[in-house]
Protein chains: 2
Amino acid sequence: MQRKTQFRDVFYVSDGTAITSETLGHAVLGQFPLETKQMTLPFVETIERAEHVKNLIKQAHEASDSQPIVFYSVVIPEVKAVLEQSSALLYDVLNVLVEPLRQDLNLEPAPKLQRSHSINKDAASYMDRIAAIEYTLAHDDGISLNNLDQADIILLGVSRCGKTPTSLYLAMQFGIRAVNYPFIAEDMKRLKLPQAIEPYRYKTFGLTIDPERLHTIRHERMADSEYASQLQCETELGKVESMFRREAIPYLNTSSLSVEEISTRLLELSGLKRRMC
Amino acid sequence: MQRKTQFRDVFYVSDGTAITSETLGHAVLGQFPLETKQMTLPFVETIERAEHVKNLIKQAHEASDSQPIVFYSVVIPEVKAVLEQSSALLYDVLNVLVEPLRQDLNLEPAPKLQRSHSINKDAASYMDRIAAIEYTLAHDDGISLNNLDQADIILLGVSRCGKTPTSLYLAMQFGIRAVNYPFIAEDMKRLKLPQAIEPYRYKTFGLTIDPERLHTIRHERMADSEYASQLQCETELGKVESMFRREAIPYLNTSSLSVEEISTRLLELSGLKRRMC
């Protein structure tokens, strides 16, 4: 069965970072069999910039002979007014929910300029997040096993199973202090929890991965090395997983999961709260 | 003037990571003078989990005596059906835009299970992002000035002006390979661009910050040190900013900007494309 595929130019426009418009727009477009060319235009804060954006939209319309799709989130009224004259399919990603909430709550919106200027950088949550990134960097890849009392979570696993990107995502997105520790080939003879981690085993989680996938990833990095060999990958994973089971450390196979998914699942497993930023 | 402030429990529910629901829900709630207690429930993929969520919502309703607010994004029909029986104000964050698009485009949605299982981890963009994180980590804080030909951007500035979190955000969110290099006290006597960076000056951007703010941040880290003194901060910033001007390196004051904002502005300034992940 063949589906008709349309082409559309897509614009994400905002007087802030445009991250909200992008996130929602991506998710919505993902529901349609559409071919798109996408462009993000953040910080549209003046009438001049808005006129420029309106022109870009007009040009795209003329070039493709179909109305572009615009996901926007603009608080400044004059900027919004210019943008809304565009010859496009216009979707106000905030207002589409603000309106129903206004009615359901019987409450008037008190719009804030959404630019994160309005973020109070001294706010505890923002400083926490920066501190979490620092802590996580200092404890990446077994660099340091000091101050583990301050860790929110300790990730364990073989080299290249996803510990580092996951740790950084947890810190960046959720303000979580993540330690990660790799088991290397030399650890394999008598695999056990490092002594420094032992008192904090209640904060440990294992990451694992399919041997084929690990082989592919390691091969890209170090072609034809013993480190990357299928046999080595299988051996390391077998030993580490059996250690996780022996020590009753909960673990997660990352093979088919994105960094966002691994992180979200770890939050669920650990019961850690997201620290909203 | 006093505004009436309501209290509401808020739930973000999804059969995926719930990141879309959270992002949009935060932005929408930010428009209202509301006090909230928020809870995120990702990976609600079974009828049982959905019944559990429905119960949590019911309990919150009874405890606070007002209808909770639920932002949700659920693709699995049976899960959605259970959730939609909840005694809450229900907002389907995807459907609220999918419906108008369907009509405007005259195109039937072809819903994908939104769980990022559907992310093809071998997809070039995903691997690029992981590679960008690695590259950025290896080039954090002046650790290495090798392979600068592969850098997308090189950030310069004094210690503690925001280079590291910004670099990591650029890598994580946009797949950008960011190098960052700190000018330290010893550099100040004869401040110039490091020789290794010279050939890549077209990729350099400066970050700067207000002296008071830098003083506060450094003081938190190393109280009463010379490093944190107001005078030292002023001197370093003066010298570095005048170097940026002398060398015609564009620069940005990060004092009132969030990491997301700094990153988005740098993309604008540099003309780098976001690599969608």
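Note on naming: letters A, B, ... go to the chains in the order of the sequence lines (proteins, then strands), and numbering restarts at 1 for each one. None of the values given here were measured: they were computed from a predicted structure.
For the residue pair A:Thr17/B:Glu260, the side-chain donor-acceptor check at 3.5 Å is not satisfied. Side chains of A:Thr46 and A:Glu48: a donor-acceptor N/O pair is absent below 3.5 angstrom, by distance only.
Contact count against chain B (heavy-atom pairs under 4.5 Å) is highest for A:Leu97 among A:Thr23, A:Ile19, A:Leu97. When the candidates B:Leu34, B:Ile133, B:Asn95, B:Asp104 are compared by the number of heavy-atom contacts under 4.5 Å with chain A, B:Asp104 comes out ahead.
Only the side chain of A:Arg8 comes within less than 4.5 Å of a heavy atom of chain B; its backbone N, CA, C and O stay farther away. A:Leu267 does not touch chain B: none of its heavy atoms, backbone or side chain, sits under 4.5 Å away. Of the atoms belonging to B:Arg221, it is side-chain heavy atoms, and not backbone ones, that fall under 4.5 Å from chain A. Proximity to chain A involves both the backbone and the side chain of B:Leu101, based on heavy atoms less than 4.5 angstrom apart. With a 4.5 Å cut-off on non-hydrogen atoms, A:Ile130 touches chain B through its side chain but not through its backbone. Proximity to chain A (any heavy atom under 4.5 Å) is restricted, for B:Glu134, to the side chain, taken from C-beta onward. Only the side chain of B:Leu89 comes within contact range of chain A, with heavy atoms under 4.5 Å apart.
Annotation: side chain to side chain contact (heavy atoms under 4.5 Å, CB included) contacts of B:Asp140 (sequence neighbours excluded): A:Leu137, B:Ile143, B:Thr164, B:Asn180. For the side chain to side chain contact (heavy atoms under 4.5 Å, CB included) test, residues two or more places apart in sequence or in another chain that qualify with A:Glu35 are A:Thr5, A:Phe7.
A donor-acceptor pair under 3.5 Å is formed between the side chain of B:Ser255 and the backbone N or O of B:Asp210.
At a threshold of 4.0 Å, the pair A:Glu99-A:Arg102 counts as salt-bridged, since one of the basic side-chain nitrogens sits closer than that to a carboxylate oxygen.
Annotation: cation-pi pair B:Arg49/B:Phe43 absent, no NZ/CZ under 6.0 Å from the ring centroid and within 45° of its normal.
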